[in-house]
Amino acid sequence: MGDSSTSYIHMVQHLIEKCLIFRMSKEECMEALSKHANIKPVVTSTVWNELEKENKEFFDAYAQSQSKEDKMSEEETSQVIQKMISDSSKESDD
């Protein structure tokens, strides 16, 4: 795989990790990255699935800890994703 493909996948992985910090489900993460970062849901899903394979215990615990009262509003989600993308762009410029 080329350097640009590898860095793209690492960026998607980094954004997924940020989604996990904000307690998003896989579907919410796919939707947010599609809407705010123009990342195709199939790409997010594929990277998420690979992360699940590599970190099965974490994702099992994560799935159990998901609860409705901890969800963010659409606007909060949008703000968080925009900040993540902005921060990610700054990091790759360094």
Side-chain angles (χ1 to χ4, degrees):
M1 189 170 356
D3 284 344
S4 63
S5 298
T6 303
S7 64
Y8 182 74
I9 290 170
H10 283 134
M11 179 197 68
V12 173
Q13 179 178 339
H14 178 73
L15 292 172
I16 289 172
E17 290 167 354
K18 295 287 188 178
C19 289
L20 294 171
I21 290 168
F22 291 101
R23 305 185 50 75
M24 293 181 184
S25 68
K26 179 180 181 180
E27 291 71 24
E28 289 168 326
C29 184
M30 288 167 42
E31 182 179 334
L33 296 187
S34 174
K35 182 175 180 181
H36 302 290
N38 292 329
I39 296 171
K40 293 182 181 179
V42 67
V43 173
T44 302
S45 179
T46 301
V47 175
W48 183 292
N49 290 343
E50 288 303 311
L51 289 171
E52 278 185 317
K53 284 182 199 173
E54 294 174 18
N55 304 285
K56 185 170 176 14
E57 288 180 18
F58 169 82
F59 279 93
D60 287 346
Y62 183 78
Q64 288 181 345
S65 73
Q66 289 282 302
S67 64
K68 291 290 180 195
E69 54 260 8
D70 290 336
K71 300 293 182 190
M72 291 191 303
S73 71
E74 173 85 17
E75 185 167 336
E76 288 173 314
T77 301
S78 178
Q79 291 170 353
V80 166
I81 296 292
Q82 290 300 327
K83 182 171 179 354
M84 288 174 4
I85 293 167
S86 173
D87 292 350
S88 182
S89 296
K90 289 176 190 169
E91 287 174 10
S92 42
D93 289 345
D94 292 341

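Here the structure is a predicted model, which is why all the values come from computation and not from measurement.
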Would you call [X] and [Y] a side-chain contact if the rule is heavy atoms closer than 4.5 Å?
X: Ile16; Y: Leu33; result: yes
X: Glu57; Y: Asp60; result: no
X: Ile39; Y: Met11; result: yes
X: Lys40; Y: Ser34; result: no
X: Thr44; Y: Cys29; result: yes

Considering non-hydrogen atoms only, spot the tightest contact between [X] and [Y] and give its length.
X: Asn38; Y: Tyr8; value: O-OH, 4.5 Å
X: Arg23; Y: Glu28; value: O-OE1, 4.2 Å
X: Ser25; Y: Trp48; value: C-CH2, 3.9 Å
X: Ser4; Y: Ser7; value: O-OG, 3.0 Å

Mind checking the CD-CG spacing from Glu54 to Asn49? Nearest 0.5 Å is all I need.
11.5 Å
Atom CG of Leu15 and atom NE2 of His10: how far apart are they, to the nearest 0.5 Å?
13.0 Å
Within 6.0 angstrom of Gln13 CD, more than 12 heavy atoms from elsewhere
yes
Return the orientation label for the Phe59 and Tyr62 ring planes: parallel under 30°, perpendicular over 60°, tilted otherwise.
perpendicular
Cys19 pairs by side chain to side chain contact (heavy atoms under 4.5 Å, CB included) with which of Met30, Met24, His14?
Met24
Single-linkage hydrophobic cluster Ile85~Leu20, side-chain heavy atoms < 4.5 angstrom:
yes
